[in-house]
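Residue numbering restarts at 1 for every chain, and letters A, B, ... go by the order of the sequence lines.
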Amino acid sequence: MDNLTRRRFLTMSGVTAAGALAVGATQVNWSDLMTAAVRDPLPSGDSVLVVVTLYGGNDGLNTVVPAADPAYQDARPELAYKPEEVLDLGEGLGLNPGLKGLKGLWDEDRLAVVRGVGYPEPDRSHFRSMAIWQTASPATSVPTGWLGRWLDATGADPLRAVSVEPTLPPMLAGATTAAASLPVRGLKLPQGALGEAFAALGKPSPGEERWQAQAAKSLGDLQNAVRVLGGHEAGEREDDEDEEKTKGASAGGSSQLGTQLDLVAGLIEAGVPTRAYSVSLGGFDTHADERGTQQRLLTELDSSLTPFVQRLRKTDRGKNVVVLVYSEFGRRVHANGSDGTDHGTAGPLFVLGEKVNGGFHGAQPSLTDLSNGDLKSTVDFRDVYASVLGGVLSTDPGKVLAGHTGVVDGLLRV
Amino acid sequence: MGEISERAAVRRLNDRLGFGSVGSNEGFDATVARLLGPPTVAVVPPPGLTPPEYAGKKDDKAAKKAANKQRAAQELRLTSWWLDRMVAEPTATERLTWFWHGHFATSNQKVRNAQLMFTQNQAFRTQALGKFGDLARAMVVDPAMIRWLDGNANRKGSPNENLGREFLELFTLGIGHYSEVDVFEGARCLTGWTIKRGATQARFVAARHDADSKTLFGKSGAYDARGFADLAVAQAASAPFVVGRLWFRLVSATPPSADALRRLVAAYGSERDVRALLRAMVAEAAFTDSASALVKQPVEWAVGLLRALRLQPARLDEKTRMKLIAGLRGMGQVPFRPPSVGGWPSGGSWLTTSAGVTRLQVAQLLTKAAELDPATDVQELLGVDGWSARTKAALASVKDPAQLTAVAACAPEYVVSG
């Protein structure tokens with residue numbers, strides 16, 4: 001992919017006013033509004049995909065930890081977790097101590113750990129690798145994201161996919177349709193002459209230049225989104241961006257995953273006809289003093305995801321939700337000299353929900369049979385995408401993944 | 001597509017090399033001369049930037065809160081100060097300072113020190129239209145950059161590749177023009193440079209530096225940070241990469257033709273002269289082609305609107321200024337807070353539903369603060385080439401001058417630099 005094309009994919013949203021999404025005070029009204037406004041609720045049998053992107057290259061070996069493997073202990077003595085520190089999953093592997101809630105889901109057989117996920121000829125650039133994951137095109141550059149192509153293939157309604165971020169992740173951009181992004185400050189538009197004039201700017205104008213046409217279309221989409229979703233009045237809460245949450249802040253992504261997922265849960269429960277949601281957590285670009293920072297981030301992931309899944313399993317619609325958690329690459333097996341790890345290759349990926357067959361999928365990469373110091377991947381990430389495209393979004397994966405048809409067998413309950 | 005009129009070309013020059021019109025009636029050549037001339041507004045450092053206070057013990061919540069508050073206040077002051085300069089400076093200096101900030105993208109989210117962000121910002125300004133090599137050399141030892149990309153953790157015997165890698169990938173060469181060995185050896189070159197807590201300058205600690213021979217791009221020597229920067233900038237791939245980055249943000253998302261790229265690389269030259277490159281860029285036919293439209297980034301849109309409305313952020317009341325910055329945040333772009341080391345997105349990424357809501361709010365905020373003459377022609381005021389029938393119809397029903405101007409500022413013809 002040339003750099004100009006690549007740069008168009010650098011839409012990794014990071015600094016976000018996610019705190020403004022706080023649904024607490026307005027949650028009831030939100031649901032009420034939703035119910036009244038939604039004319040076309042999601043059929044209760046339709047399943048929903050929630051994609052969680054961990055920006056920055058999460059260290060997979062310290063997430064699903066081969067603590068019993070001497071090669072692991074030798075490679076990163078300062079960073080390694082001892083067998084008694086991790087949450088045992090069997091087969092010599094254990095979850096990071098920050099992932100207590102996920103361990104509970106594992107015990108209930110609702111957490112799938114797909115091991116050794118990557119792609120051929122891995123790229124260690126955050127941006128190139130994230131573009132590869134988001135476009136699902138490892139070998140060549142394509143201008144569309146995998147869920148964007150799903151939108152293209154299955155109808156042009158942007159509300160069928162929603163991003164809870166201020167800028168659209170490339171994953172959700174198709175050739176003819178892009179997903180809607182949910183406003184961080186709430187969808188509130190003025191009434192009267194001003195509101196009418198603003199709405200009128202969204203009409204297409206024949207022969208208009210491409211970007212101007214897209215600017216008009218985005219305003220049209222906005223009117224549409226307000227009509228269907230209703231005016232969600234955001235709370236007044238400010239998020240304190242200055243609070244030091246992470247030392248690995250340089251590779252994009254949002255904070256406040258819990259707030260994002262709260263909002264998504266509200267939308268799902270209200271029957272909004274959205275089939276795919278995108279949320280993210282940033283800060284995984286840790287190169288130094290990694291252990292504490294990563295554990296804190298994984299704890300945030302855990303304390304956001306666990307209540308989300310617990311909440312959803314109580315409703316019929318929620319039982320059909322499948323969550324996919326991934327990062328652009330793992331880290332080197334060996335620690336660097338500053339108690340961190342540098343960019344590497346394969347890593348584990350989580351799939352969770354009531355429709356998921358828990359347990360291990362895919363083979364654990366060897367820690368001794370390495371490729372230039374890096375893990376050799378055992379599962380192509382497109383196999384996972386194909387599984388959720390078919391099993392969650394009921395779409396022929398070949399249409400979206402350029403003919404790729406491999407799947408992870410038995411990942412989902414049919 | 002065809003060539004745009006001279007009037008539209010002047011408007012485009014002001015959009016792309018500046019932050020919109022400064023209200024003078026110049027022809028194309030005079031506009032180029034002004035924009036590429038020396039800066040005219042003196043740099044008075046932002047007031048009240050002091051080393052951040054640090055809370056002592058980790059469990060001292062009150063002290064931590066106070067320190068956070070102080071840092072936030074300083075960042076806000078710095079951001080307002082820069083927005084003010086963007087509005088005031090009639091040359092390309094601030095526009096290019098803004099470009100370099102997106103190129104060497106560094107966020108105060110991790111740096112957490114407005115003073116260091118200012119130091120870096122000032123380096124961008126000094127070298128804005130200068131020699132790229134000087135800028136690159138300044139950035140490998142820039143204190144904010146060192147903190148941002150873990151330079152402190154990079155020492156002899158235990159390299160940390162973060163800064164070296166991003167320097168090659170994002171700042172000088174682009175993917176495919178360096179090897180993993182170059183990244184590793186580059187990290188060794190950068191060992192020894194540190195930034196102490198509370199310090200305003202980076203410090204070279206010889207004992208932490210790996211002075212042994214390294215091999216980069218097939219050449220061996222005891223390279224240091226400066227040597228690393230020089231080697232990278234001298235690579236043949238560096239010129240087309242940097243030229244491409246500037247073209248992408250200032251001219252068009254469509255890359256230059258092979259012929260144009262050759263001319264631009266020649267103008268940039270072995271001296272890596274940014275001013276000469278920009279002069280060549282605006283002389284290219286593609287610069288005045290109607291197809292070369294760009295979506296304005298939120299900061300560019302807001303600063304252009306402030307200019308058109310004759311509003312200077314420093315003279316706005318505190319509350320309006322806060323709301324302006326909150327609006328930029330709502331649109332997804334605040335200076336000193338790029339989302340990642342890759343900088344900000346471009347094009348359609350800014351045209352989201354949420355950005356649309358916030359854009360109208362910011363436009364209303366600013367048009368209310370401005371003194372608008374009801375007789376003013378809004379097309380003239382905003383310097384738009386012309387309205388589509390759609391926008392004319394939309395504007396026809398709004399009578400109040402502030403509301404009319406706010407809606408016009410959200411029109412596709414203004415949101416996009418045609």
About how many Å separate [atom2] of [Y] and [atom1] of [X], when rounded to the nearest 0.5 Å?
X	Y	atom1	atom2	answer
A:W211	B:S346	CH2	OG	6.5 Å
B:K392	A:S205	NZ	OG	10.0 Å
B:Y414	A:L201	OH	CG	14.5 Å
A:S338	B:E161	OG	CD	10.0 Å
B:D150	A:D289	CG	CG	9.0 Å
B:E166	A:D285	CD	CG	7.0 Å

If you check every heavy atom in residues 394-404 of chain B against those of chain A, which residues fall under 4.5 Å?
B:A394, B:S397, B:V398, B:Q403
Applying a strict 4.5 Å limit to non-hydrogen atoms, the region of A:P204 in contact with chain B is backbone
A:L194, part contacting chain B, at a heavy-atom distance under 4.5 Å
both
Can A:H287 and B:N162 be counted as having a side-chain donor-acceptor contact under 3.5 angstrom?
yes
Below 4.5 Å from any heavy atom of chain A, which atoms of B:A411 appear? Answer side chain, backbone, both or neither.
both
Should we count NZ of A:K203 as having more than 12 external heavy atoms under 6.0 Å?
no
Quick one: does [X]'s side chain get under 4.5 Å of [Y]'s, heavy atoms only?
X	Y	result
B:I175	A:F127	no
B:V416	A:E209	yes
A:N336	B:S158	no
A:F198	B:C410	yes
B:E169	A:H126	no

Basic-acidic side-chain contact under 4.0 Å: A:E208, B:R390:
yes
On a heavy-atom basis, the closest approach of B:L351 and A:A215 is CD1-N, 3.7 Å
Least distance between heavy atoms, B:G356 atom then A:L219 atom
CA-CD2, 4.4 Å
Check side chain to side chain contact (heavy atoms under 4.5 Å, CB included) between A:R124 and all other residues, then give those that pass, not counting sequence neighbours.
A:R332, A:H343, A:T345, A:D374, B:R165, B:E180
Highest number of heavy-atom pairs under 4.5 Å with chain A: which of B:V183, B:V295, B:L360?
B:L360
